[in-house]
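Quick notes on the structure that follows.
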Amino acid sequence: MSAEPGSTWKETPLIFERSRPGRRAGRPPRPDLPVPDLPDSLRRSRAPRLPELAESEIVRHFTALADRTFGVDTGFYPLGSCTMKHNPRVHERAAALPGFRDLHPHTEDEDAQGALELMWHLQGILAEVAGLPAVTLQPAAGSQGELTGLMLMRAYFADRGEDRDTIITADTAHGTNPASVTMAGYSLEKVGTDTRGNLDLDDLRGKVNARTAGLMLTNPSTLGLFDEGIEQVARIFHDAGALLYYDGANLNAVVGLSRPGDMGFDIVHYNLHKTFSQPHGGGGPGGGPVAVRDTIEPFLPAPTVVRNGDTFRLNHDRPKSIGRVRGFAGPFGVFVRSYAYMRAYGPALREMSEVAVLNANYLLARLRDAYDLPYDRHCMHEFVLSARNLKREYGITALDVAKRLMDYGIHPPTVYFPLVVPEALMIEPTETEPKERLDDFVDAMHAIAREAAETPELLKEAPHGRPVRRLDEVRAAKQPILRYLFDEHPAVVA
Amino acid sequence: MSAEPGSTWKETPLIFERSRPGRRAGRPPRPDLPVPDLPDSLRRSRAPRLPELAESEIVRHFTALADRTFGVDTGFYPLGSCTMKHNPRVHERAAALPGFRDLHPHTEDEDAQGALELMWHLQGILAEVAGLPAVTLQPAAGSQGELTGLMLMRAYFADRGEDRDTIITADTAHGTNPASVTMAGYSLEKVGTDTRGNLDLDDLRGKVNARTAGLMLTNPSTLGLFDEGIEQVARIFHDAGALLYYDGANLNAVVGLSRPGDMGFDIVHYNLHKTFSQPHGGGGPGGGPVAVRDTIEPFLPAPTVVRNGDTFRLNHDRPKSIGRVRGFAGPFGVFVRSYAYMRAYGPALREMSEVAVLNANYLLARLRDAYDLPYDRHCMHEFVLSARNLKREYGITALDVAKRLMDYGIHPPTVYFPLVVPEALMIEPTETEPKERLDDFVDAMHAIAREAAETPELLKEAPHGRPVRRLDEVRAAKQPILRYLFDEHPAVVA
Amino acid sequence: MGYLSLTDADRAEMLAAIGVSSVDELFEQIPPGVRFQRELDVPPALGEAELMRHLEELAAKNVHTQAELSFVGAGIYDHYVPAVADVVLSRGEFLTAYTPYQPEMSQGTLQAIFEYQTVICELTGMDVSNASGYDGTTVAADACFVAKHVTDRHKVVLAETLNPQVRQVVKTYAPGFGFAVVEVPHRNGVTDPDELARASTDAAAVFFQQPNFLGCLEDAPALAAAANEAGALSVAHVDLMSLGVLEAPGAYGCAIALGEGQAAGNWPSYGGPHYGFFAARSEYVRRMPGRIVGETVDADGKRGFVLTLQTREQHIRREKATSNMTTNQTLLALAGLATLSWLGPEGLREVGETCLALAEYTRERVPLEPAFEAGCFKEIAFRTPTPTRDVIRRAREHGVNPGYALGRDYQGMDDVLLVAVTEKKSVEDIDRLASVLEEVCA
Amino acid sequence: MGYLSLTDADRAEMLAAIGVSSVDELFEQIPPGVRFQRELDVPPALGEAELMRHLEELAAKNVHTQAELSFVGAGIYDHYVPAVADVVLSRGEFLTAYTPYQPEMSQGTLQAIFEYQTVICELTGMDVSNASGYDGTTVAADACFVAKHVTDRHKVVLAETLNPQVRQVVKTYAPGFGFAVVEVPHRNGVTDPDELARASTDAAAVFFQQPNFLGCLEDAPALAAAANEAGALSVAHVDLMSLGVLEAPGAYGCAIALGEGQAAGNWPSYGGPHYGFFAARSEYVRRMPGRIVGETVDADGKRGFVLTLQTREQHIRREKATSNMTTNQTLLALAGLATLSWLGPEGLREVGETCLALAEYTRERVPLEPAFEAGCFKEIAFRTPTPTRDVIRRAREHGVNPGYALGRDYQGMDDVLLVAVTEKKSVEDIDRLASVLEEVCA
Ligand SMILES: Cc1ncc(COP(=O)(O)O)c(C=O)c1O
Ligand SMILES: Cc1ncc(COP(=O)(O)O)c(C=O)c1O
């Protein structure tokens with residue numbers, strides 16, 4: 001029931017608040033058989049308070065929640081570093097084919113030839129794109145790809161009897177890189193960024209030594225800039241006997257244009273949900289395959305997909321493998337979608353990246369006068385602006401700009417990352433946006449810059465057209481309410 | 001792009017206004033073959049101006065349009081006479097099974113046994129529900145069922161060498177009844193309604209004679225009242241050698257409780273999209289099967305589904321048949337859904353109708369004090385209120401009430417029908433609504449009655465929470481714009 | 001059971017509010033004599049899991065178009081249905097809304113129908129389209145009803161090359177309209193314009209199909225002219241998927257263009273639900289059957305869409321209405337809109353060119369005599385050395401369903417096989433068809 | 001090609017605005033030495049129709065669970081996935097949104113995750129749940145990382161009856177955590193609490209599974225107690241679908257409950273994507289891995305939901321984060337929420353009771369010796385007279401896949417067959433299994 005009739009955003013109670021004792025939707029089969037007793041110690045003592053609703057109300061509930069969710073289907077979503085491109089609907093149709101959707105992962109290889117063939121082709125395309133020969137599809141996401149990559153380094157050096165304990169990352173690195181370093185049991189060393197946005201080579205030379213296991217780098221960097229010194233960087237590490245790890249989150253910039261393997265990277269992860277359009281699903285699923293050089297291939301997780309003649313099989317017999325990092329052979333449904341995306345382009349995957357870069361540079365060119373540009377270069381598939389000019393002059397922050405964009409029907413860019421740029425607005429349009437959507441965004445960003453001068457309070461109080469406005473995150477963290485508490489639940493505020 | 005940033009309803013341009021020359025989504029296969037020439041007189045001379053969009057924009061367009069559409073999934077939809085019940089999602093899954101969805105209608109019977117078996121069971125359940133032995137599934141909707149029924153009457157009397165030219169309908173009849181009468185080549189006679197809402201028997205006796213082919217009646221009537229004199233009515237027609245046709249639009253009130261065949265009806269149509277939950281799809285599709293007595297069976301459209309032993313087939317050999325009224329054997333996808341709905345209830349279909357009637361009477365009991373009740377009786381599955389009290393006292397019409405309900409997140413009831421009730425509000429909750437939704441509606445209707453007294457202008461200007469408000473229908477009819485006119489299209493107003 | 005959700009507590013409260021002690025009391029208005037006393041004799045209730053399994057078992061008994069290489073068309077075609085059509089069909093709001101009687105609640109449906117009407121007008125070259133009819137057969141009956149009032153004549157002429165089911169439905173409706181039905185036989189697969197002209201005298205409407213049911217391209221402009229000269233309404237039954245390459249009926253002077261929309265965006269689904277499209281020249285707009293959406297403005301001057309010209313319709317005009325239709329096929333028509341928008345002008349032309357090319361390739365590769373000389377679009381008829389039904393049966397033993405036996409509908413054509421191709425067929429598919437026919441006809 | 005939509009006119013305008021004459025200029029920042037010069041050697045582009053056909057052909061090469069009567073489980077189960085789960089998965093907004101960094105844009109996703117967290121807490125009897133982990137294996141590694149920090153110990157104990165893949169993943173992560181891994185063998189299908197207690201000394205965490213991988217019901221309370229007494233974190237790996245009838249880990253004192261969520265609302269999908277769930281007692285909340293949603297209020301005092309306790313996370317804490325996870329499995333978890341909401345407390349209990357009843361019926365009907373004495377829930381192990389792999393192969397020739405060969409994972413179990421049932425199996429299905437095994441084992 002609407003709080004104030006006429007307001008377009010109706011209140012959406014929690015599904016538990018929509019429940020009524022005795023309501024139900026699903027009626028599982030109940031064969032005419034006795035139900036054996038369980039020992040008291042194992043029998044459920046208190047029924048779980050699951051929702052109790054009719055099916056019609058369940059459908060309405062999720063329909064209402066979906067209406068309060070903004071996706072790529074809703075509009076422009078230039079969330080930097082996340083590559084929010086169009087998700088073709090044919091991917092959902094394909095992943096739902098019974099031969100894929102209902103295939104049990106313990107199926108014998110000879111009965112899963114279609115699935116294995118798809119994965120084998122996917123490995124091949126990924127290898128060609130990275131310029132590295134061997135691929136594991138197992139990691140569940142980019143972060144796990146990173147961790148897998150670091151485990152591979154450990155195994156590689158252990159196998160060579162070398163003892164190296166440090167991983168170097170850029171100060172522009174995504175938080176997952178240092179976090180992965182710790183989880184892999186390595187210690188972390190940071191290097192700075194020079195004035196052109198490249199790795200600071202002098203700083204680097206001073207830090208690479210015999211203890212150095214390797215580098216983790218995103219290229220193009222999180223600034224959206226291709227590292228112009230990448231060849232020297234690679235030489236420095238390889239000369240020190242260390243390895244280079246490529247964080248593939250920004251691969252969408254260089255497919256068919258420059259290959260990590262050719263840049264000198266030894267280990268690469270891909271984010272299938274970014275570059276190859278697995279729908280992001282409100283947070284996931286994803287896919288984080290890893291490609292490596294021959295020298296590292298023996299250590300890849302088991303199983304891998306291999307081909308003999310016309311048949312394909314899972315190879316579990318990998319004596320030097322680091323082991324498995326996830327269940328089964330990876331998130332197969334994601335593979336179906338990403339393989340479909342690749343096949344829709346073929347060799348024109350190169351054009352995919354060209355357009356991603358063209359779109360980003362067009363936005364950059366049209367916005368550079370209204371916002372600060374920390375590194376004045378052509379960008380790759382994304383770029384980082386700073387709202388510090390608005391902050392200096394009108395007290396308007398990157399967050400205010402982000403919130404106001406919502407009123408224009410546009411999802412905000414990534415804000416306050418990378419950390420090296422104050423008031424950062426990290427903008428990634430992707431290749432699937434038509435020019436009109438880019439122009440809408442330019443118009444909105446210019447209008448907001450004007451509003452910052454003329455009606456700053458409008459921005460401070462934004463958004464005005466969303467169901468809620470400026471949530472109290474401090475309160476959320478200070479007095480955490482992390483689940484519905486039923487009778488003890490605090491009354492709905494206001 | 002939003003007109004006023006902050007407004008929740010974004011403008012949604014026509015798909016043609018989103019087009020750009022040279023854009024495209026679909027790329028059909030192009031075999032490497034020469035394309036034969038066509039004679040100039042047959043070759044397309046001017047390309048059709050179909051939309052030109054990227055797939056991402058097509059998806060966004062229809063997503064935006066869906067957001068501007070209110071369905072049963074969105075909320076309570078008590079549209080009288082339309083039986084807007086929940087549409088179980090499993091129906092969509094079932095209808096999409098390749099064995100159903102991809103089945104070509106010219107498939108030989110032996111290769112369509114599953115489909116034919118389903119249709120045969122459906123016929124059987126429909127026959128049992130109507131209390132009549134023979135069923136055709138062919139008619140595409142209730143209206144076509146009506147027309148089919150009248151054609152059957154014509155064939156029946158012609159076969160008996162009788163010449164009858166008049167069909168009698170009630171003054172409460174739905175518009176499709178008189179319209180069908182004309183299309184069937186009959187002339188129309190109307191009978192009145194008595195003070196209890198039953199057919200006026202005296203009026204009726206005076207009108208039934210040797211020219212009378214039959215009666216078309218909805219029972220319960222469009223007033224939601226069961227005709228208490230139905231037995232006398234049947235006798236009057238049968239004594240005159242005439243037939244009775246049952247408009248099944250209100251069947252949801254009586255399934256398993258009273259059967260049209262037992263009431264004396266000779267021909268019955270069902271609205272599968274109403275009683276048996278085929279989603280209404282913004283206007284359709286529907287299904288309008290017809291059941292008849294043995295005496296009329298020979299005239300049913302061909303083909304019908306027949307069973308011999310364990311096999312099923314389409315019977316085209318029906319010498320006395322009126323012929324076919326639609327392509328193939330009917331809207332099969334609709335049959336899958338309605339059969340699924342029936343199987344979800346089994347004999348409890350009776351409970352379905354009981355709850356539909358209980359829900360309606362609950363609403364009636366709770367609303368009778370705030371609105372006029374023209375016929376003071378228990379109702380069946382729906383009931384008709386009148387806003388004439390609000391009109392008299394505050395100048396508030398049924399339309400104002402309807403528009404204001406939108407602001408409460410509820411779809412308005414049917415208004416200004418049936419014609420015999422001034423300022424009619426025709427309310428049908430259906431059996432799938434939980435009590436909370438009924439109570440929401442009661443609260444809203446009471447609030448609106450109060451608002452009528454206190455803030456009538458709020459109602460006159462309603463709705464306030466929808467993308468548009470009070471459209472100019474006169475202008476639409478006087479200066480019809482029935483298609484997009486491209487360059488000549490009138491500029492978007494305001 | 002089923003989808004009911006009242007709890008015992010709900011029931012008790014509700015009965016109390018009503019002031020009755022049991023639900024039965026509510027049914028006392030039903031005369032005892034017509035109350036149904038026993039339990040319904042219907043199959044038992046199934047939970048969702050059991051229900052799906054039951055339906056899967058039924059579906060598995062059908063041999064669908066993916067289960068063999070099929071060249072059956074004859075009115076229903078397996079053109080590719082793009083995934084964007086699923087977006088429309090799977091959106092709960094489109095799926096579960098009804099006719100947009102309350103425009104403020106249904107701007108999405110209304111705008112989409114307005115867009116659909118525009119697409120149909122563009123393809124057919126007509127001025128106005130309705131929101132859909134039931135299917136490709138009933139729209140023909142609708143056209144007869146229009147012609148009856150426009151011309152005051154009592155005869156309808158049908159080319160024999162018009163889809164047999166369409167002709168059957170027109171014949172079923174004709175008595176109610178007081179129409180006599182005249183059929184004009186084909187000459188070597190096509191309709192002779194002079195013969196049609198002679199038959200058209202005093203006709204209210206004249207129907208022909210392009211491409212026709214035998215797969216042949218008619219001299220449509222000449223047929224339309226013949227009808228027009230006789231003062232009859234010329235009605236073209238056309239295939240939307242052909243109109244990227246074939247001339248629009250509006251361009252050669254037809255009064256009405258209509259047909260079966262399935263090929264554009266609907267699955268075969270054993271015959272339905274699909275949509276029939278109906279478009280006409282503007283002079284007939286006030287006689288149009290069914291729903292029509294128009295553009296207007298709201299109280300604030302904003303553009304909006306409404307059902308319009310409703311004075312044509314049954315709920316207002318009752319016995320004087322132009323049609324008795326209310327529920328139509330909107331959802332299927334919107335799937336058509338999505339599909340045609342996805343194809344765009346380029347894509348639709350390419351589909352047409354691919355059909356033309358594959359049909360020609362079929363003519364070359366299949367080791368049988370074409371039954372007719374006329375050109376074709378996506379269907380082509382061949383003579384079989386043995387009865388066509390036998391050829392089909394034997395070919396299917398090799399996993400290929402070679403087409404439709406025209407003998408089902410036309411006397412003297414027991415040895416004629418109608419082969420349909422769409423853009424989904426590959427050169428290899430046709431090679432396989434050819435070799436199987438080679439084998440079974442040798 | 002693909003999904004690009006810039007027209008030549010667009011390109012020209014955009015290049016002009018940028019001030020370059022060609023796209024290549026934009027790539028001059030890439031050192032010539034590392035530019036890729038040739039065309040990518042990948043398979044050619046396919047239009048949507050051809051792509052679907054290619055994928056359908058691949059899918060058709062797989063023998064899926066509907067294609068034979070299958071009793072294979074062993075970690076992935078074919079419980080019924082209700083159609084309401086499709087509603088969630090098919091809504092474009094849920095599908096195409098990302099992590100709800102901007103709460104005003106994502107209240108729907110955030111509220112749904114909050115509801116999911118509540119459901120997981122209710123089922124496991126825990127205080128707090130995260131928004132999902134990758135799967136049932138990686139959440140175990142996450143738990144080790146929590147235990148490492150909470151206890152400062154360097155050993156993890158795994159019952160051998162814990163899913164082999166879970167054990168493998170823990171072993172893969174262990175070196176990075178500086179963990180030694182100790183496994184405790186099963187005794188007649190179950191874990192001996194005393195043996196586990198002995199092994200638990202100085203352990204950071206102790207893992208067991210209920211019901212365990214061999215299908216047996218462990219004395220879970222005793223195992224939890226053994227771990228707790230040793231000062232280790234007791235971690236229960238549980239099956240959500242069992243928790244309508246089996247006791248909640250929280251009720252018998254576990255510190256952490258986690259597992260594979262697939263059984264509740266996800267399709268088998270050859271192993272993923274699925275969701276791992278992770279729930280813990282409140283004292284560990286600030287060490288939890290992954291996203292957590294919390295309730296708060298907005299500037300107008302309205303209730304709303306946000307990602308919270310982010311100081312745990314990598315984007316803030318970086319090398320000190322409790323996990324490196326960012327992308328998770330939200331969409332799959334929401335399908336789980338929809339499924340569990342559809343079942344409700346009654347339905348989940350009924351699923352559990354049906355599993356118990358069918359497993360017992362299987363024990364009675366199958367003409368083989370149960371391999372273990374312990375009670376079971378939905379899986380039961382039998383000894384086969386000949387090597388289990390042969391029995392499976394021969395049974396499949398009769399269209400029945402009788403189960404999983406435990407010899408794949410456990411030495412000395414080459415003659416043990418693990419049979420899984422769910423509520424989707426009927427009495428007739430099990431009778432058929434029994435008669436086929438009768439035949440192939442005779
Ligand atoms: C630069 C960078 N590296 C790594 C990641 C982690 O990838 P994932 O989210 O797939 O775990 C991301 C994505 O958030 C990223 O943007
Ligand atoms: C009483 C009544 N009769 C007949 C009809 C016509 O049924 P249909 O819409 O299925 O053609 C309707 C529905 O609009 C109705 O309410």
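Below, chain A is the first sequence line, B the second, and so on; all start at residue 1.
- Counting heavy-atom pairs closer than 4.5 Å to chain A, the top-ranked of the candidates B:L53, B:D73, B:T63, B:V59 is B:D73.
- Using a 4.5 Å cut-off between heavy atoms, A:D67 contacts chain B through its side chain alone, with no backbone atom that close.
- Each of A:K274, A:E431, A:H381, A:E382 was checked for a side chain to side chain donor-acceptor pair (under 3.5 Å) with A:N252, and the lone residue meeting it is A:E431.
- Between B:L363 and B:M445 there is no side-chain heavy-atom pair separated by less than 4.5 Å.
- For the residue pair A:Y362 and A:R366, a side-chain donor N or O sits within less than 3.5 Å of a side-chain acceptor on the partner.
- Neither the backbone nor the side chain of A:K85 comes within less than 4.5 Å of any heavy atom in chain B.
- Interface residue A:E55: backbone and side-chain heavy atoms are both found under 4.5 Å from chain B.
- Looking at B:T83 and B:E428, their side chains do bring a donor and an acceptor atom within 3.5 Å of each other.
- With a 4.5 angstrom heavy-atom cutoff, B:P88 touches chain A via backbone and side-chain atoms both.
- There is no contact between A:P467 and chain B, counting heavy-atom distances below 4.5 Å.
- A pairwise comparison of heavy atoms in A:A449 and A:Y371 identifies N-OH, 3.7 Å as the closest pair.
- At a 4.5 Å heavy-atom cutoff, B:R27 makes no contact with chain A through either its backbone or its side chain.
- With contacts defined as side-chain heavy-atom distances shorter than 4.5 Å, the pair A:R404/A:H464 qualifies.
- The candidate with the highest count of non-hydrogen atom pairs below 4.5 Å against chain B, out of A:A54, A:G75, A:A64, A:A25, is A:G75.
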